[in-house]
2 protein chains.
Amino acid sequence: MPVERHEDRTPSAAQDVFAEALAAYHPPQGMTEKHRRIVEAALRIFAQKGYAGTSTAEIAREAGVAEATIFRHYKAKKDLLLSLVAPLMARLVGPVAVRSAAEIAGDPSLSLEEMLRRLIRDRLHFALENAPRFRILLQESFFHPELRDALWRGIWQQIHDVVAAALRQRMERGEIRPVDLEVAVRVLVSGVASFILPRLMGLQAPVADDEKEIAATVDILLKGLLQGPAGAAAGVPADETTGGPQGRPDTEA
Amino acid sequence: MPVERHEDRTPSAAQDVFAEALAAYHPPQGMTEKHRRIVEAALRIFAQKGYAGTSTAEIAREAGVAEATIFRHYKAKKDLLLSLVAPLMARLVGPVAVRSAAEIAGDPSLSLEEMLRRLIRDRLHFALENAPRFRILLQESFFHPELRDALWRGIWQQIHDVVAAALRQRMERGEIRPVDLEVAVRVLVSGVASFILPRLMGLQAPVADDEKEIAATVDILLKGLLQGPAGAAAGVPADETTGGPQGRPDTEA
DNA sequence: AATGTGAGTGAGTGATTACTTACATCCGGC
DNA sequence: GCCGGATGTAAGTAATCACTCACTCACATT
């Protein structure tokens, strides 16, 4: 990058990026006050203007520290970026998240419907909790091949494997039709993503009722759009503007 | 933006961006050789490194012109960016594209299945034809509110209206179940997007057969995943790795 | 032949870039 | 008291940023 000119001179943020960044990542409580404010400012400004569109001077100004203080903690600007997304990556592909998702997806006692609802709720909650980090990871993966690879190989493959396994299990039990697994995973995940991404990006009109929308989304994904051959549909009626007590505000943590 | 420091001094790329950019857009045949090469270089490099990550010096070098030549044709760097995405926006929301999509979506003689297949083929073709412009519009809409608004208000609303109208029509005819229209549109469009976006981003493993995947996607969107209550499913069998002559390589232009 | 015009450019402009260096200040262990 | 490491910063550094200026050149109109 010509705009980031010293970038490739330092070997700091070069090869096996995440091993290094994860090692360098110390949790918030080990940080000094100023260090914490640098991270917060960077998180906020990167999410808004992007990595290449943000100068270290602005981060320092916004954090109320001297510019050199940033480089006391990070060898290069890019290391700061990586330190922001690395913990998110770790939580996404780490054993905790995978086990949590796999537990939901693999639980045979859950109806497919309930499983999908929980998955959407679970991921929506997680995404909104880490919204700025998610946004940065997403938008910067356009420009940084290492991030794109990590996102693709790490996160997508994880999601894919968990969902595919759950679908295969239920397909063998005859619960779902024998559709192409890859396509089914793609459609399912994109349906969930269409729920989460607009909220993550700050688009999205004021939503009336998340639970109702989740139920309707799952309903369509499971039963399709077509009129059943024998009046099969028994799910959410959903005549567009109905606001009756049909959502389910109970549900677990 | 501190990185783009002169940006807000010039009133050139300020308010009603697209009116201006569209007016300034002259089709390729009216360009000089060097101007054309500037546009091509910018298209290529912006798509790869992003607007903020690309310097005018690099564009000039890559185009084989002097840096000042860029500013002979564009008042500011941002005007160059807008001139790249404006024609795409115009074609997306303009009467041609809307009529084409609306014709497909509104044609009552088409089966819902065939309509969706044509829509996917049509949009996939269009997206791949304009891949760099699409990519730039998508990635820069994270950072430029005017682009985000245009993409949201213009393109999404167009898509939404066309698809919603088609669905409502078929819902009134009893062809599809009475589901929530907004949710149905969202799931449908995201299913199509999940088909197009990975190809646009250069992700996506080498795909065996587009037609087969389109058919399988449409099948799932229409009939859902669940086993029908009376063995209803009659669509694509799709036992994961079957490669037999079941795709439909006929289909129109 | 004089004049005008748009394309094109070499050589700048001052501001800003990521990053460094040298030098303080703090704080806990001896 | 004194040392050593970690934290913080003012004041740089050379390179690069978007953009401008003064100018040439080719060509068209008169």
Side-chain angles (χ1 to χ4, degrees), chain A residues 1-14 24 26 28-39 41-42 45-46 49-83 140 143-144, chain B residues 1-14 24 26 28-39 41-42 45-46 49-83 140 143-144:
Chain A
M1 277 192 207
V3 185
E4 307 287 327
R5 51 235 93 125
H6 300 257
E7 197 113 349
D8 37 7
R9 260 196 355 218
T10 78
S12 69
H26 25 219
Q29 67 269 23
M31 287 180 178
T32 59
E33 164 71 9
K34 303 217 166 185
H35 190 171
R36 199 179 46 74
R37 270 157 59 194
I38 289 172
V39 169
I45 309 177
F46 280 164
K49 309 191 179 187
Y51 171 77
T54 302
S55 69
T56 52
E58 185 179 8
I59 297 172
R61 193 185 335 119
E62 202 73 10
V65 303
E67 205 178 340
T69 308
I70 295 176
F71 295 96
R72 170 78 46 200
H73 296 288
Y74 303 94
K75 283 199 279 189
K77 184 189 170 192
K78 188 150 191 175
D79 291 326
L80 172 55
L81 170 68
L82 293 177
S83 83
E140 294 308 327
F143 313 123
H144 308 269
Chain B
M1 278 195 208
V3 186
E4 307 286 327
R5 52 235 90 126
H6 300 257
E7 198 111 352
D8 37 7
R9 257 193 3 214
T10 78
S12 69
H26 25 222
Q29 68 268 22
M31 287 182 179
T32 60
E33 165 71 9
K34 303 219 166 188
H35 189 171
R36 200 180 46 73
R37 271 156 60 192
I38 289 172
V39 169
I45 309 176
F46 279 165
K49 310 190 178 188
Y51 171 77
T54 302
S55 69
T56 52
E58 184 179 10
I59 296 173
R61 191 183 338 117
E62 202 73 8
V65 303
E67 203 178 342
T69 308
I70 294 176
F71 294 96
R72 167 87 32 203
H73 296 288
Y74 303 94
K75 283 198 280 188
K77 185 189 169 192
K78 187 149 192 176
D79 291 325
L80 173 54
L81 170 68
L82 293 177
S83 83
E140 295 308 327
F143 314 122
H144 308 268

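Values reported hereafter were calculated over all heavy atoms of this structure, with side chains retained and with hydrogens, waters and symmetry mates removed. Proteins come first, then strands; the chains are lettered A, B, ... in the order of their sequence lines, and each starts at number 1.
- Across the protein-nucleic acid pair, A:His73 atom NE2 and D:dG5 atom C1' stand 14 Å apart, rounded to whole Å.
- A heavy-atom distance below 4.5 Å is not found between the side chains of A:Leu80 and A:Tyr51.
- Rounded to whole Å, atom P of C:dG6 lies 17 Å from atom CE of B:Met31.
- A straight line from CD of A:Glu33 to P of C:dT25 spans 21 Å, rounded to a whole angstrom.
- Counting to the nearest Å, the P atom of C:dG8 and the OH atom of B:Tyr74 are 11 Å from each other.
- Residues satisfying the salt bridge (charged side-chain N to carboxylate O under 4.0 Å, His left out) test with A:Arg72, not counting sequence neighbours, are none.
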Inset, instruction - Evaluate the criterion side chain to side chain contact (heavy atoms under 4.5 Å, CB included) for residue pair A:Lys77 and A:Ile59; output intermediate values, then yes/no. - result: CA-CA 10 Å; A:Lys77 184 189 170 192; A:Ile59 297 172; 5.5 Å; no
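- Distances shorter than 4.0 Å separate none of the side-chain N or O atoms of A:Ser55 from OP1 or OP2 on C:dT16.
- One interatomic measurement links the two molecules: NZ of A:Lys77 to C1' of C:dT20, which rounds to 17 Å at whole-angstrom precision.
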Inset, instruction - Decide side chain to side chain contact (heavy atoms under 4.5 Å, CB included) for B:Val39 and B:Tyr74; before the verdict, give the C-alpha distance in whole Å, the side-chain angles of both, and the deciding distance to 0.1 Å. - result: CA-CA 11 Å; B:Val39 169; B:Tyr74 303 94; 3.5 Å; yes
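- Here A:Thr32 does not reach the OP1 or OP2 of D:dT7: none of its side-chain N or O atoms lies under 4.0 Å away.
- Note: NZ (B:Lys78) to C1' (D:dC17) measures 17 Å, nearest angstrom.
- Atom CD in B:Glu58 sits about 19 Å away from atom P in C:dT17, given to the nearest Å.
- When the P atom of C:dC19 is taken as reference, atom CG of A:Leu80 falls 10 Å away, rounded to whole Å.
- Using the six-membered ring where Trp is involved, B:His73 and B:His35 have ring planes that are parallel, under 30° apart on the 30 and 60° scheme.
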Would you tabulate the pairs of protein nitrogen or oxygen atoms and nucleotide nitrogen or oxygen atoms of nucleotides 9-11 of chain C closer than 3.5 angstrom?
unit_1 : atom_1 : unit_2  : atom_2 : d
C:dT9  : OP1    : B:Lys34 : NZ     : 2.7
C:dT9  : OP2    : B:Ala66 : N      : 3.1
C:dT9  : OP2    : B:Thr69 : OG1    : 2.5
C:dT9  : O4     : B:Arg72 : NH2    : 3.2

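- Nearest heavy atom pair, residue B:Glu67 against residue B:Ala57, reads OE2-N, 3.5 Å.
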